[in-house]
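Below, chain A is the first sequence line, B the second, and so on; all start at residue 1.
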Number of protein chains: 2
Amino acid sequence: MAAREYGQYCGITRALELIGERWALLLVRDLLVGPRRYSELAAGLPRIPTNILAARLKELQDAGILRRAPRSRVIVYELTPYGRELEPVVLALGAWGFKAMGDPRDEQIITPDSMTMALRTAFRPLVAADLPATVYATRLGPAELLVRVDGAALAVTRGDGPADLTFAAGPGIRRLISGELAPDRAIATGVVEVLHGRGELLDRFASTFHLAAA
Amino acid sequence: MAAREYGQYCGITRALELIGERWALLLVRDLLVGPRRYSELAAGLPRIPTNILAARLKELQDAGILRRAPRSRVIVYELTPYGRELEPVVLALGAWGFKAMGDPRDEQIITPDSMTMALRTAFRPLVAADLPATVYATRLGPAELLVRVDGAALAVTRGDGPADLTFAAGPGIRRLISGELAPDRAIATGVVEVLHGRGELLDRFASTFHLAAA
DNA sequence: CTGGATCCCGTATGATACTG
DNA sequence: CAGTATCATACGGGATCCAG
């Protein structure tokens, strides 16, 4: 038996053998947003040593979770269908871990891909289905994301564009998502800065994206 | 920053910092079944070194996931409410890992607690709600479990007792759960041995407990 | 006997430098 | 850009030992 196996005939055990190693599920998190090149993955996980990144990519490939795909002269890594089935796991972990997030510390960064998955985690399709289609352009730290909500469908893409509401926020956005901070208070205190559009649309945003706090 | 932190302000990252260490989620898995003593946890994870077990229990306690509770002179470890909120994570992982379980190897064991959580993972409350209440007494390797299904409610307890259907099975039970093996074929080939009750009740069992295969 | 603590060692991880 | 090579260290694994 391989040394790192748990020696149990059990689905949870098997899952942890495949994606339980350090950094593995964070790579899956970023690849759930879309295919990524090696350097993009490294940029999204600045603290991963490059040898570990290479090792994980190889292991996840051997496990059938991702594949290397040539895209016109460059290699991108993309999840296989089996790898994409990890999305419920990642979202469940994100919702659980959200409650244990304190206030951000200086050295903690926010990446576009992690923010995208956080928005997917917080998205409430049943609530959104009853609201008008809305486009939000957000600047969350270094992440510029265009968030399109149309009925129960959510699409988050990088970059800018025309939007019903454009706003910038720091990590304090967490308190808006958790409901600890009301939308109007968030604007009044400067946690959220409305750059364009009607500020009342932030109410809709907070209704659409919500996660229970601790 | 602690060396083992990922340096990102992200719920998934936070979750992995709390329960991403080796063995941690397996301890949670067993504690989701019920409070356990130190020696019971060690017995359920025969390959965990005792120092690691002690270290994990301390870390999980510091993280607010479990607590030490004195129960009439002995200490038991039990999940806190926040720890119990990991159940969706564990079930999602179990369902995903189920698809990657091959055939069992000799050194792979089945424990009562892991089997209990596997049954919870495979349980289909919406299907069970339309079926009569049923008690199954199962012997799955070393695990004797009494499985009570009543409407959409499932209760799995250790031990024996009166049941509508009593059966024994080895790890081949996986192919029954996945639908690869029909209930009558499972009995005919000896994968499942009916010890008491009408064998047709195994159909009901297979309808109630089902997980998609690869 | 339970519930650990201690010791030693191997391996995985991490930091950094280097290369096709 | 996409990794590989090298070295230091911290964690995991196994055996043993200890206190209540």
Side-chain angles (χ1 to χ4, degrees), chain A residues 1-8 13 16-28 30-31 34-63 66-78 107-109, chain B residues 1-8 13 16-28 30-31 34-63 66-78 107-109:
Chain A
M1 162 168 36
R4 307 293 293 180
E5 297 189 3
Y6 289 103
Q8 303 201 351
T13 303
L16 290 175
E17 286 166 357
L18 296 178
I19 48 79
E21 303 285 308
R22 201 165 157 72
W23 299 104
L25 217 48
L26 295 181
L27 288 170
V28 172
D30 288 359
L31 288 173
R36 291 286 179 268
R37 305 169 57 157
Y38 187 93
S39 52
E40 293 172 323
L41 292 171
L45 264 16
R47 295 173 62 87
I48 193 175
T50 158
N51 57 341
I52 300 294
L53 174 55
R56 288 292 170 278
L57 289 173
K58 214 163 294 178
E59 293 159 13
L60 292 172
Q61 189 182 352
D62 291 345
L66 58 79
R67 69 167 73 92
R68 298 173 50 138
R71 285 275 202 286
S72 67
R73 298 192 54 79
V74 299
I75 299 273
V76 298
Y77 295 88
E78 63 182 10
E107 76 279 8
Q108 290 186 314
I109 64 169
Chain B
M1 162 168 35
R4 306 294 289 181
E5 296 189 4
Y6 289 103
Q8 303 200 349
T13 303
L16 291 175
E17 286 167 357
L18 295 178
I19 47 78
E21 301 284 308
R22 203 165 154 70
W23 299 105
L25 216 48
L26 295 181
L27 288 168
V28 172
D30 288 359
L31 288 172
R36 291 286 180 269
R37 306 172 53 161
Y38 186 94
S39 54
E40 293 172 324
L41 292 170
L45 266 12
R47 296 173 61 89
I48 193 177
T50 157
N51 57 340
I52 301 294
L53 175 54
R56 287 293 169 275
L57 289 174
K58 213 164 295 176
E59 293 158 13
L60 292 173
Q61 188 183 354
D62 290 345
L66 58 81
R67 68 169 72 93
R68 299 172 50 136
R71 285 278 201 285
S72 67
R73 296 196 53 78
V74 298
I75 299 273
V76 299
Y77 295 87
E78 63 181 12
E107 74 279 7
Q108 290 186 314
I109 64 170

For [N] and [X] - does any side-chain N or O of the residue sit under 4.0 Å from the phosphate oxygens OP1/OP2?
X: B/Arg68; N: C/dT2; value: no
X: A/Lys58; N: D/dA2; value: no
X: A/Arg4; N: C/dA12; value: no
X: A/Arg22; N: D/dC11; value: no
X: A/Trp23; N: C/dA12; value: no

For this session: Any chance you could measure B/Arg36, atom CZ, to B/Leu41, atom CG, to the nearest 0.5 Å?
Result: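 Going from CZ on B/Arg36 over to CG on B/Leu41, the span is 8.0 Å.
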Exercise. Any ion pair linking B/Glu78 and B/Arg71 (charged N to carboxylate O, less than 4.0 Å)?
Worked result: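 Counted as a salt bridge, because a side-chain N and a carboxylate O are separated by less than 4.0 Å.
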So [X], base contact, sugar-phosphate only, or nothing? Heavy-atom distance under 4.0 Å.
X: A/Arg73; result: nothing
X: A/Leu53; result: nothing
X: A/Ser39; result: sugar-phosphate

Calculate the interatomic distance between [X] atom [atom1] and [N] atom [atom2]; express it in whole Å.
X: B/Glu17; N: D/dC11; atom1: CD; atom2: P; result: 14 Å
X: B/Leu16; N: C/dT13; atom1: CG; atom2: P; result: 14 Å
X: B/Glu5; N: D/dC11; atom1: CD; atom2: P; result: 12 Å
X: A/Glu21; N: D/dG12; atom1: CD; atom2: P; result: 11 Å
X: A/Leu26; N: C/dT13; atom1: CG; atom2: P; result: 13 Å
X: B/Ile48; N: D/dC11; atom1: CD1; atom2: P; result: 16 Å
X: A/Ile52; N: D/dT4; atom1: CD1; atom2: P; result: 12 Å
X: B/Leu45; N: C/dG3; atom1: CG; atom2: C1'; result: 16 Å

Exercise. Any donor and acceptor pair, going by atom type alone, linking the side chain of B/Arg22 with main-chain N or O of A/Arg4 inside 3.5 Å?
Worked result: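 It does hold such a pair.
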Exercise. Does A/Arg37 reach the side chain of A/Val74, with side-chain heavy atoms less than 4.5 Å apart?
Worked result: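 SC-SC contact between A/Arg37 and A/Val74 confirmed.
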Exercise. In terms of the nearest nucleotide of DNA chain D, which residue is placed more toward the 5' end: A/Tyr77 or A/Asn51?
Worked result: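 It is A/Tyr77, whose closest nucleotide lies nearer the 5' terminus.
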Exercise. Taking the six-membered ring for Trp, are A/Tyr77 and A/Tyr38 parallel (under 30°), tilted (30 to 60°) or perpendicular (over 60°)?
Worked result: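 Taking A/Tyr38 first and then A/Tyr77, their aromatic rings sit tilted (interplane angle of 30° to 60°).
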Problem set entry | Selection from D/dT4, C/dT13, C/dG14 that lies nearest to any side-chain heavy atom of A/Arg56 |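 The nucleotide sitting nearest to the side chain is C/dT13.
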Problem set entry | Options D/dA2, C/dG3, D/dG13, nucleotide nearest the side-chain atoms of A/Tyr38 |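 Among D/dA2, C/dG3, D/dG13, the one nearest the side chain of A/Tyr38 is D/dA2.
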Exercise. Ignoring hydrogens and angles, are the base of D/dT4 and the side chain of A/Thr50 linked by a donor-acceptor pair under 3.5 Å?
Worked result: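 Yes, the side chain and the base share a sub-3.5 Å donor-acceptor pair.
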